[in-house]
*Asks:* 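Could you have a look at this structure, given as structure tokens, before my questions?
No hydrogens, no waters, no symmetry mates; every other heavy atom, side chains included, goes into these values. Numbers for residues simply follow the sequence, beginning at 1.
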Amino acid sequence: MSNISVKNYYLSFIDKEIQAHDDITRHHVHDFAESIIDFVINYEDAEFLKELDYSMIKKIVESDDVTNIQYALHLLALEPHDVLNWVFYVEDSSNHYEPTRIYLKPKDLAKILREEDFHDPITGNEVTKEYFSELVNTVFKVSDNFIKKVSQDDIRGYS
């Protein structure tokens with residue numbers, strides 16, 4: 001199956017998910033998702049595309065429409081049609097030459113937010129919600145499922 005078929009497979013899922021929205025939202029979310037999928041597919045080797053941050057995604061979709069970009073990113077992360085995975089981390093920059101990342105599992109982050117139990121993952125000290133939100137970084141990684149589908153060129157059940 002060609003990359004065009006792979007892209008169309010994923011976009012058909014996106015289109016089904018957004019069909020209840022108004023025309024403008026559907027158009028923007030579809031276009032944003034298509035731009036991101038095109039970027040990943042056309043990247044020389046998607047498996048080695050480490051991560052995409054918000055600024056890079058804004059450049060890819062050529063927009064600052066945060067609401068619809070986030071909606072497209074949400075849809076692109078839904079399994080089993082996931083193109084991207086959300087990755088959350090805190091950076092420990094005590095070693096200025098080689099900062100290390102402390103990764104947060106989405107379940108753990110959800111629990112912290114739900115229980116409003118905000119602590120600095122590096123120091124363990126209690127912090128405000130605002131400070132915690134400044135600590136946590138979000139990036140997107142190309143999902144293994146998507147890499148597998150693109151490299152196998154085999155998406156069953158797509159018509």
*Asks:* Decide yes or no on side-chain contact (heavy atoms from CB on, under 4.5 Å) for I41 and K7, but give the supporting numbers first.
*Replies:* CA-CA 8 Å; I41 285 175; K7 179 174 87 170; 4.1 Å; yes
*Asks:* In a check of side chain to side chain contact (heavy atoms under 4.5 Å, CB included) between F146 and each of V40, D82, L76, which one passes?
*Replies:* V40
*Asks:* If I compare all heavy atoms of L49 with all of F39, which pair ends up nearest, and what's the gap?
*Replies:* CD2-CE2, 4.0 Å
*Asks:* When you group the ILVMFWY residues by side-chain heavy-atom contacts below 4.5 Å and let the links chain together, are V139 and V136 in the same group?
*Replies:*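 No, because V136 and V139 fall into different hydrophobic clusters, even though each may have its own neighbours under 4.5 Å.
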*Asks:* Quick check for you: to the nearest 0.5 Å, what is the distance between S93 atom OG and E98 atom CD?
*Replies:* 13.0 Å
*Asks:* Could you walk me through whether H119 and D117 pass the side-chain contact (heavy atoms from CB on, under 4.5 Å) test, one step at a time?
*Replies:* CA-CA 7 Å; H119 288 82; D117 184 21; 2.7 Å; yes
*Asks:* Just say parallel, tilted or perpendicular for the rings of H81 and Y10, cut-offs at 30° and 60°.
*Replies:* perpendicular
*Asks:* Do V127 and Y89 sit in one hydrophobic cluster, given that two such residues count as connected whenever their side-chain heavy atoms are within less than 4.5 Å of each other, even indirectly?
*Replies:* no
*Asks:* Roughly how far, to the nearest 0.5 Å, is the CD1 atom of I57 from the CZ atom of F32?
*Replies:*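 One finds 11.5 Å between CZ of F32 and CD1 of I57.
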*Asks:* Which residue in the set I14, I18, D15 passes side chain to side chain contact (heavy atoms under 4.5 Å, CB included) when paired with R26?
*Replies:*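 Checked I14, I18, D15 against R26; only one passes side chain to side chain contact (heavy atoms under 4.5 Å, CB included): I18.
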*Asks:* Report the distance from atom CG of N85 to atom CG of D144, rounding to the nearest 0.5 Å.
*Replies:*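 That separation rounds to 7.0 Å.
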*Asks:* Compare all side-chain heavy atoms of D53 with those of M56 and state whether any distance is below 4.5 angstrom.
*Replies:*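 SC-SC contact between D53 and M56 confirmed.
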*Asks:* Could you tell me whether the side chains of S94 and D92 share a donor-acceptor contact shorter than 3.5 Å?
*Replies:*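 S94 vs D92: donor-acceptor pair found between side chains.
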*Asks:* Given the rule in the side-chain contact (heavy atoms from CB on, under 4.5 Å) test, do Y54 and V66 qualify, once you have shown the distances and angles that lead to the verdict?
*Replies:* CA-CA 9 Å; Y54 275 112; V66 174; over 6 Å; no
*Asks:* Only one of D23, N68, I69 clears side chain to side chain contact (heavy atoms under 4.5 Å, CB included) with H28; which?
*Replies:*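 The option that passes is N68.
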*Asks:* Using the rule that Ile, Leu, Val, Met, Phe, Trp and Tyr join whenever any side-chain heavy atoms are under 4.5 Å apart, tell me whether I102 and V87 fall into a single cluster.
*Replies:* no
*Asks:* Grab the two heavy atoms, one from A72 and one from A33, that are nearest each other, plus how far apart they are.
*Replies:*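 That would be CB-N, 4.2 Å.
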*Asks:* In a table with atom names and distances, give each donor-acceptor pair under 3.5 Å that connects a side chain of residues 103-116 to protein atoms at least two apart or in another chain.
*Replies:*
none

*Asks:* Do I36 and L73 come within less than 4.5 Å of each other through their side chains, counting heavy atoms only?
*Replies:*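 Touching, per the 4.5 Å side-chain cut-off.
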*Asks:* Calculate, to the nearest 0.5 Å, the distance between atoms CG and CG belonging to L52 and L84 respectively.
*Replies:* 6.0 Å
*Asks:* Under the criterion side-chain contact (heavy atoms from CB on, under 4.5 Å), I'd like the reasoning laid out for V61 against D31: C-alpha separation, chi angles, the key distance, then a yes or no.
*Replies:* CA-CA 8 Å; V61 301; D31 288 353; over 6 Å; no
*Asks:* To the nearest 0.5 Å, how far apart are OH in Y9 and NZ in K149?
*Replies:* 5.0 Å
*Asks:* Could you tell me the separation between the OG1 atom of T100 and the CD atom of E91, rounded to the nearest 0.5 Å?
*Replies:* 8.0 Å
*Asks:* Please state whether the rings of F140 and W86 are parallel, tilted or perpendicular, taking 30° and 60° as the class boundaries.
*Replies:* perpendicular
